[in-house]
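What follows is a short report on a single structure.
Keep in mind that what you see is a predicted model, and the values were worked out from it rather than measured.
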Amino acid sequence: MFALYITHPQVAIDPAVPVPDWGLSERGRERAALAASTDWAQQIGRFVASTERKAIETAEILSAGRLPVETDHAMGENDRSATGFLPPDAFEEAANWFFAHPQESFHGWERAMDAQARIVAAIERVLATHDPTLPIAFVGHGGVGTLLKCHLGGTPIRRDHDQPAGGGNLFAFRLADRSVTCDWTAMESWKGM
């Protein structure tokens, strides 16, 4: 059976609002609704999301009320609260540095190696009690999703494993051996396994 790691799609960016409280934009909601109508979304038997609003909203749209959405604080995005909101260009530079120096902190950010250990432990903790015959979707964030994908793929932490811009992407992995079976794909375009 399979698992998906899904990143939230586009958000309503508001520098006056803490990043964990940002919700989906209208475009993000549209994309999640399109994905919810796919065959793969109907197969998911369990949704687990980070506690950030945008991840919960994505999971709720994808589950379409069929299933409750579980949450796990340890699935949150890498902690960037030390710098607060960064304009897009500055954020991209910071993200490049974050991935290029996984054992160091960018101006107080959580280190990539620590965020990776946290997301891997969170996923494994959920899967330890999960019915392996049931497809599961983890809904979270691009940064830690990339760190998880690097771990599952046995590759070093590098940004070239990151999702395409805009979010709302997924990758799949087998529950039996945790092998990644599909690279980042727009969630509304994936055809399933």
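- Rounded to the nearest 0.5 Å, atoms CD (Gln10) and CD (Glu30) are 9.5 Å apart.
- No salt bridge links Glu60 with Arg29; every basic N to acidic carboxylate O contact stays at or beyond 4.0 Å.
- Under a hydrophobic-cluster definition in which Ile, Leu, Val, Met, Phe, Trp and Tyr are linked whenever side-chain heavy atoms come within less than 4.5 Å, directly or via other members, Ile157 and Phe91 are assigned to the same cluster.
- Partners of His161 by side chain to side chain contact (heavy atoms under 4.5 Å, CB included), not counting sequence neighbours, listed by chain and number: Thr146, Lys149, Cys150, Thr155, Arg158.
- Looking at His130, its side chain never comes within 3.5 Å of a backbone N or O of Val126 through a donor-acceptor pair.
- Counting heavy atoms of neighbouring residues, nucleotides and ligands inside a 6.0 Å radius, atom CG of Asp21 exceeds 12 of them.
- Evaluation of the salt bridge (charged side-chain N to carboxylate O under 4.0 Å, His left out) rule for Glu26 yields no partner, not counting sequence neighbours.
- Criterion: ILVMFWY side-chain heavy atoms under 4.5 Å apart, direct or through other members. Under it, Val139 and Leu170 are part of a common hydrophobic cluster.
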Evaluate the side-chain hydrogen bond (donor to acceptor under 3.5 Å, both in side chains) criterion for residues Ser50 and His141: first the C-alpha distance (whole Å), next the side-chain angles of each, then the deciding distance (0.1 Å), finally the verdict. CA-CA 8 Å; Ser50 93; His141 313 276; 2.7 Å; yes
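- Around atom CD of Glu124, more than 12 heavy atoms belonging to other residues, nucleotides or ligands sit under 6.0 Å away.
- The two residues Ala35 and Leu62 have their closest heavy-atom pair at CB-CD2, 3.6 Å.
- Hydrophobic clustering (ILVMFWY, side-chain heavy atoms < 4.5 Å, transitive): Val144 and Val180 are in one cluster.
- Scanning all heavy atoms of the two residues, the minimum distance from Arg66 to Phe47 falls at NH2-CE1, 3.9 Å.
- Of the possible donor and acceptor atoms, none in the side chain of Ser81 sits under 3.5 Å from a partner among the backbone N and O of Gly84.
- Residues Met75 and Val19 are members of separate hydrophobic clusters, defined by side-chain heavy-atom contacts under 4.5 angstrom among Ile, Leu, Val, Met, Phe, Trp and Tyr.
- Both Val48 and Leu152 sit in one connected hydrophobic cluster of ILVMFWY residues. Membership requires side-chain heavy atoms under 4.5 Å apart, directly or through other members.
- Of all the heavy atoms in Ala3 and Leu175, the pair that sits closest is CB-CD2, 3.7 Å.
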Working note: Thr181 + Phe2, criterion side-chain contact (heavy atoms from CB on, under 4.5 Å); need CA distance, chi angles, decisive distance, verdict. CA-CA 9 Å; Thr181 59; Phe2 68 94; 5.8 Å; no
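- Residue Ile6 holds its CD1 atom at 8.5 Å from OG1 of Thr58, rounded to the nearest 0.5 Å.
- Listed here is the closest heavy atom pair of Pro164 and Asn169: O-ND2, 3.3 Å.
- Judged purely by distance below 3.5 Å, without hydrogens or angles, the side chains of Thr83 and Trp109 pair a donor atom with an acceptor atom.
- Listed for the Glu52 side chain is a donor-acceptor partner under 3.5 Å among the backbone atoms of Glu77.
- Here CD1 of Ile123 is found 4.5 Å from CD1 of Ile119. Values are rounded to the nearest 0.5 Å.
- Atom CD of residue Glu92 and atom CZ of residue Phe98 lie 13.0 Å apart, to the nearest 0.5 angstrom.
- Under a 3.5 Å cut-off, the side chain of Thr129 and the backbone N or O of Leu127 do not form any donor-acceptor pair.
- The ring pair (Phe, Tyr, Trp, His ring centres under 6.0 Å) check on Phe171 picks up Tyr5, Trp184, with sequence neighbours excluded.
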Candidate pair Arg118 and Leu147, rule side-chain contact (heavy atoms from CB on, under 4.5 Å), full reasoning: CA-CA 10 Å; Arg118 178 175 49 77; Leu147 297 172; over 6 Å; no
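- Arg80 places none of its side-chain heavy atoms less than 4.5 Å from the side chain of His107.
- A salt bridge links Arg46 with Glu70: the closest approach of a Lys/Arg side-chain nitrogen to an acidic carboxylate oxygen falls below 4.0 angstrom.
- The local environment of CG in Asp89 is sparse, with at most 12 non-hydrogen atoms from other residues, nucleotides or ligands closer than 6.0 Å.
- A search for salt bridge (charged side-chain N to carboxylate O under 4.0 Å, His left out) contacts involving Glu93 returns nothing, not counting sequence neighbours.
- Checked against side-chain hydrogen bond (donor to acceptor under 3.5 Å, both in side chains), Arg125 has the following partners two or more places apart in sequence or in another chain: Asp72.
- Cys182 contributes atom SG, which lies 7.5 Å from atom CG of Leu4 (distance to the nearest 0.5 angstrom).
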Start with the C-alpha gap between Asp14 and Phe85, add the side-chain angles, then the distance that decides, and say whether side-chain contact (heavy atoms from CB on, under 4.5 Å) holds. CA-CA 9 Å; Asp14 184 347; Phe85 173 79; over 6 Å; no
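- The heavy-atom pair separating Trp40 from Met187 by the smallest distance is NE1-O, 3.2 Å.
- Scanning for ring pair (Phe, Tyr, Trp, His ring centres under 6.0 Å) contacts around Phe173 gives an empty result, with sequence neighbours left out.
- Side-chain contact between Met1 and Pro132 is absent, with no heavy atoms from C-beta onward closer than 4.5 Å.
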Where do Thr38 and Trp190 land on the side-chain contact (heavy atoms from CB on, under 4.5 Å) test, with the steps shown first? CA-CA 8 Å; Thr38 63; Trp190 191 56; over 6 Å; no
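- The minimum heavy-atom distance between Pro9 and Arg31, with the atom names listed, is CB-NH1, 3.9 Å.
- No donor-acceptor distance shorter than 3.5 angstrom exists from the side chain of Glu188 to the backbone of Leu34, with no hydrogens or angles considered.
- Between the side chain of Gln42 and the main chain of Ala36, a donor-acceptor pair closer than 3.5 Å is present.
- Listed for the Arg111 side chain is no donor-acceptor partner under 3.5 Å among the backbone atoms of Ser105.
- Here the CG-CG distance, from Asp79 to Asp114, works out to 11.0 Å after rounding to the nearest 0.5 Å.
- If you check the side chains of Gln163 and Thr7, you find a donor sitting under 3.5 Å from an acceptor.
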